[in-house]
Amino acid sequence: MIPIYLAGYYPIASYTYTPLNQLKHGSVVNVYGAVKFFKPPYRSRGTDYCSVVSIMDQSNAKLTCMLFSVNLDTLPVIYKIGDIVRFHRLKIQQYKNEIQGVTTVGFSSLTFEGTLGTPVIPRTSSKIYTFTSDDQKTVEALRVWAAHHISSSGALIKLSDVKAMQFFDLTCELVGKAEVDGSSVLLKVWDGTKPPFPSWKVLFEDGSLEGDADRINQLQNLTVDILVYDNHVALAKSLQIGSFLRIYSLHTKIQPITPKKQSNIAHLEFHLHGGTCYGRGIKVLPENNYSDFIYTCLSFIQNCNVVVIFLFHVAQDFVSPCDLERCQQLSATVLTDHQYLETTPLSAILKRDAPQQYRIRAKLRNYEPQKLYQSVKLHCPKCHSLQEVPHESDLELVLQEAATEQPDPKLQNTSLYNSEVWTTQNQQERKIVIHFIKNDGILQVPEVTLIMIEGGLLSEIYQLSKKFKGVIPVKSSQEDLIVLDLAVPFLIQGKTWHYGCKQCSKLKTMQNLNSLVKEASWTPVCIAEALGIVPLQYVFVMTFTLDDGTGTLKVYLMDCEKFFQIPASEILNSDDLQKNMEMIMYMLCPPGKKIGEYPWLECFIKSYNVRNEVEQEICYRIFDTVIAEDLI
DNA sequence: GGTTAGGGTTAG
């Protein structure tokens, strides 16, 4: 039972909110705004923590606020520009001909994720606060306004796309820490991605490195060394190993090459310089997200449409040690974007309309199909149809049928290709013609030569594909050679059999390959385009049954190669890739183990409506999620 | 309810 205290049990405070262009010097006001700039809380030279926050609203006025508090927790929990804040009891005063907001007695704040369509969940340390359906509307309206008027701090940068000489914000896990000297601290961190350049290695005294030595060793190529200076040292020293951090305005530099170092590979230095310019600082992300509980309450309350006062702290009683452990446990998947979305419990998702986007954390209870080859399909990017990958026996039938037709000698040996004809001896004198495409009138070595084949059977095509750059099955028609049939691949290249969409392709004859000859650009995309073919994509199509303890949800995965980091186009012809895939599924959903021992998966999912004749159904699909690199 | 900081990159 989640405690909900309804109106009537407590006196309801009513609040009015002043637009930011109507603030008067000397007044104490309540305001809403979208965060334009912020400095994460840091120790001031006085007795308090300080956070500087600039906000804007629909009036287009900006207000910079100086927020002070002895208690770190009571300052707003802002993660990024574009977050929405609500301040109660903010004093307005004048400074250098401009007004500014300052905390005053009883100041309190709520912060909300600013992304459109995400659940409206307040972040706050307040034990009691009001939140009405009007508040909900205000937040949603500010999100819409902010989406058009506040530029975010740019794409989220991960260690895998970090460059030299830049300032950026990093979300990461702290795996090691060492005091280097009086004025700097080393933080060893990683974010689940692999940096493109090796990190510099900061030297420290033996025995001064805190953290699990095995884990630091295991992650050594994935972690980077950050040197933290001056005013950030005290906070850095207090950080717990294993905590998740947001480091703002982290600076990268190329390490100067000194004559002593033989290595000629560029190494990257990571510095968190002194000062708080541009919001430079460190924020510890919460170990556990109590807002999940609040959200469950909220979705109930919205239905009742009543004003409610929450007793926030009681919700903490529902957080078990198991939940804490779960948050500290790393996920088997990595999010490639939107890291700031907060986790939503599956039970809450099941109650909501589509379309929405969510971040979830759940275990893979079951998946379908269980047989790998059944999960690989062909998808048309144009008409979005899905079809099975043709079975070899079906291909052979089409090829056998075509082999009974007579090749037209008039279509052999043109300026585009040289032709060779063979007659088989044991099979009713079947004729096979191979047309070798020339490069600017000259025949090349097999490895770079594209060939077309008439009358070939599957085994012959397969053998030829091992020797030549690519094989196109064709047949004679009145004017020119044409693609044999889109029921068979239009191109066999290496281990990949390329198919075209029957509905969307408007076939052109083979002489159209002339446009590609000069550049010898025999890529599947170029060949398909020259021949009027819309190529089909190989995709993994699977249903995951996910379970986070609050509910279960069936979600679809449709993926070319991003999620598993295995190309769906090659897996059917590669034993190695099939083994990799089996290992991944074995790891995600280990047979014979209890679900408690399964790894957690962190995923983004989007919900969407699907209508059939009878009813409307909400479906869910995974996106922007990949299997963690250290598990592959 | 006094101080802190009062946005606009270090220079290791």
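Chain A is the first sequence line, chain B the second, and so forth, proteins listed ahead of strands; every chain is numbered from 1. Predicted model, so just to flag it, every value in this text is computed and none were measured.
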Output the single nucleotide from [options] whose closest atom is nearest the side chain of [X].
{"X": "H251(A)", "options": "dT4(B), dT10(B), dG8(B)", "value": "dT10(B)"}
{"X": "K62(A)", "options": "dG1(B), dG8(B), dG12(B)", "value": "dG8(B)"}
{"X": "V105(A)", "options": "dG1(B), dG6(B), dT10(B)", "value": "dG1(B)"}
{"X": "H273(A)", "options": "dG12(B), dG8(B), dG6(B)", "value": "dG12(B)"}
{"X": "K36(A)", "options": "dG12(B), dT3(B), dG7(B)", "value": "dG7(B)"}
{"X": "D230(A)", "options": "dA5(B), dG7(B), dG12(B)", "value": "dG12(B)"}
{"X": "S183(A)", "options": "dA5(B), dG12(B), dT10(B)", "value": "dG12(B)"}
{"X": "K253(A)", "options": "dG6(B), dT4(B), dT10(B)", "value": "dT10(B)"}

For the pair K562(A) and D624(A), find out whether any cationic side-chain nitrogen is under 4.0 Å from an anionic carboxylate oxygen.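 Looking at K562(A) and D624(A), the cut-off is met.
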
Phosphate OP1/OP2 of dG8(B) contacted by K39(A) side-chain N/O (<4.0 Å): yes

With the stacking rule set at 5.5 Å and 30°, tell me whether Y229(A) counts as stacking on dT10(B). no

Reckon E269(A) touches a base, only the sugar-phosphate, or nothing at all at heavy-atom distances under 4.0 Å? nothing

Counting any heavy atom closer than 4.0 Å, what does T47(A) reach on the DNA or RNA strands: base, sugar-phosphate only, or nothing? base

